Number of protein chains: 2
Amino acid sequence: MSPRKSAHDELTKEAIISVARNLFVQEGYAAASMRKIADTLQCSHGAIYYHFKNKAHLFYEIIEADFQKLDQVLDSVLRESAENNEHKLFSIFYRYIQFGLTHQKHYELMFLIHDDDVKGYLNEGPNKSYLHFAQAVNSLAPKSLSIKDIWSVFLSLHGFVTHYCRTETTFEEVKELASSHAQFLIKATC
Amino acid sequence: MSPRKSAHDELTKEAIISVARNLFVQEGYAAASMRKIADTLQCSHGAIYYHFKNKAHLFYEIIEADFQKLDQVLDSVLRESAENNEHKLFSIFYRYIQFGLTHQKHYELMFLIHDDDVKGYLNEGPNKSYLHFAQAVNSLAPKSLSIKDIWSVFLSLHGFVTHYCRTETTFEEVKELASSHAQFLIKATC
DNA sequence: CTTTCTTATTGAACGCTGGTCAATAAGATT
DNA sequence: AATCTTATTGACCAGCGTTCAATAAGAAAG
């Protein structure tokens, strides 16, 4: 009825993001409709468009924060103490997979989404995350690795995560496989 | 107007598949709508549902044939003469990437689609294709490889193709990278 | 040839989607 | 108190996949 809410329950970007993130993670990008988000927020779907240009842009703001989380995971591994660099390298690989599979929907949204509307926005995020990863790998590799080899490692980890995202397998179910895949990649880098 | 076409231009499953395949490849699964397919066929969109249960099923029948094409690619490599098994192994890896990137939309549809409707159908296709791949690799590997290692190789190739599918890069643009990725994986299998 | 039966097609309808926008009321400013 | 800015609504649009009663073309039977 009333075309504006009273001050104490006005819509905020933060409230929208919080609800939208949950829905995106639970249902994926396509199935999380603007109307569902609005229903959960108890507002009209039109109102969201006052705060965000469109669905893709709302999504973009959410996903950018997730890339930072991945960066933090890699950083924490680098700071951890370990027997030697090879163990740390293994940890980087293993934890990358763990991140991807324990945040499958996020990962999908971050690296696999194919929506044309979204693609335009997502360029820096994945790139910055990769650079972070590459630096970590380079600093830990036993011998100096070529840029191409680091890229191959990344794509190989990406393939693992991608596959088990599609089949919606939990990390627990494939942690042994994850470990052997990480070991496989260590082999190639030595 | 007329609720049935004259005999010489009745709709056939083959005609629908032919048009639908083109549209799926050109525009992807989501964007290729039943109405667009019907328009191209110059029939009503309802008519397609007489021949196919739904969009996912139409898609399924198309994609099953594509998996067979990938099998053929692998077979032809196995039959080719080569200096040694390592060269053949390299060829398998390289040609797998080539197949994926020269049929990007097919590959996406085959291995990356996340549509819930479709997922139910697609189980045997990718599995059979992988078994074919695994057998080929196993028969060519210099030393006996573990099942896990072959799986790692596959996932690593899959990651390469997946990434460049998402960025819509042509095979030509990354053939050197494809070559070095294949070489990287050879390293890990020896 | 006529009637009956099967088969293939149409197009309206349903409920959903992302997105736009005039109307409007709450809060801030003058 | 009057004006201005801001945030919200909900009707509306074009498109989607899917269903289905109505219907005409072709085949089969009498």
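A, B, ... follow the sequence lines: proteins, then strands. Residue 1 opens every chain. In what follows, every heavy atom counts, from backbone to side chain, and hydrogens, waters and symmetry copies are set aside. No experiment lies behind these values; they were computed from the predicted model shown.
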Q: Take B/E176 and A/K148 through the salt bridge (Lys or Arg N to Asp or Glu O under 4.0 Å) test and state the conclusion after the steps.
A: CA-CA 10 Å; B/E176 277 83 14; A/K148 283 183 179 177; over 6 Å; no
Q: Heavy atoms from C-beta onward define the side chain here; which of D/dT23, C/dG11, D/dT8 lies closest to that of B/P3?
A: D/dT23
Q: Considering heavy-atom distances to DNA chain D, does B/N54 or A/D9 have its closest nucleotide positioned more toward the 5' end?
A: A/D9
Q: Determine whether a donor-acceptor pair (one donor, one acceptor, N or O, separation below 3.5 Å) exists between the side chain of A/R35 and the base of C/dG19.
A: yes
Q: Would you mind reading off the distance between B/K55 atom NZ and D/dT18 atom C1', rounded to a whole angstrom?
A: 12 Å
Q: Side-chain N or O of A/H45 less than 4.0 angstrom from OP1 or OP2 on D/dT8?
A: no
Q: Nearest whole Å is fine: how far is D/dT6 P from A/K13 NZ?
A: 16 Å
Q: Using whole Å, what does the distance between atom C1' of nucleotide D/dT9 and atom CE of A/M34 come to?
A: 15 Å
Q: I'd like to check the ring-ring contact (aromatic ring centres under 6.0 Å, His included) partners of B/H51; sequence neighbours left out, ordered by chain and number.
A: none
Q: Looking only at side chains, do B/Y107 and B/H158 share a donor and an acceptor under 3.5 Å apart?
A: yes
Q: Is the A/F52-A/H57 ring centre distance short of 6.0 angstrom?
A: no
Q: Quick test of your reading of the model: are B/D66 and B/K69 salt-bridged, counting only N-O distances below 4.0 Å?
A: yes
Q: Provide, to the nearest angstrom, the distance between the CZ atom belonging to B/F52 and the P atom belonging to D/dT19.
A: 15 Å
Q: Measure OH/A/Y49 against P/D/dC13 and give the value in whole Å, please.
A: 17 Å
Q: Using a cut-off of 4.0 Å on non-hydrogen atoms, how would the nucleic acid contact of A/A32 be classed: base, sugar-phosphate, or nothing?
A: sugar-phosphate
Q: Rounded to the nearest angstrom, tell me the gap between atom NZ in B/K36 and atom C1' in D/dG15.
A: 10 Å
Q: Would you tabulate the nitrogen or oxygen pairs shorter than 3.5 Å linking the protein to nucleotides 25-29 of chain D?
A:
unit_1	atom_1	unit_2	atom_2	d
D/dA25	N3	B/R4	NH1	2.9
D/dG26	OP1	B/A7	N	2.8

Q: Please list, chain by chain and in numerical order, all residues satisfying side-chain hydrogen bond (donor to acceptor under 3.5 Å, both in side chains) with A/Q72, sequence neighbours excluded.
A: none
Q: Under 30°, 30 to 60°, or over 60°: which ring-plane class applies to A/Y130 and A/F133, parallel, tilted or perpendicular?
A: tilted
Q: Rounded to whole Å, please give me the gap between NE2 in A/H51 and P in C/dG19.
A: 16 Å
Q: Would you kindly give the NE2-to-P distance between B/H57 and D/dT18, to the nearest whole Å?
A: 12 Å
Q: Could I get the full list of side-chain hydrogen bond (donor to acceptor under 3.5 Å, both in side chains) partners for B/Q183, not counting sequence neighbours?
A: none
Q: With DNA chain C as reference, determine whether A/S33 or A/K53 sits nearer its 5' end, using the nearest nucleotide of each.
A: A/S33
Q: Report the residue (A/A47 or A/A31) whose heavy-atom-nearest nucleotide on DNA chain C is the more 5′ of the two.
A: A/A31
Q: Tell me which residues in residues 17-28 of chain A lie within less than 4.0 Å of DNA chain D, going by non-hydrogen atoms.
A: none
Q: Return the set of residues passing side-chain hydrogen bond (donor to acceptor under 3.5 Å, both in side chains) with A/E10 (not counting sequence neighbours), or none when no residue passes.
A: A/R4
Q: Is the A/W151 ring parallel, tilted or perpendicular to the A/F154 ring (thresholds 30°, 60°)?
A: parallel
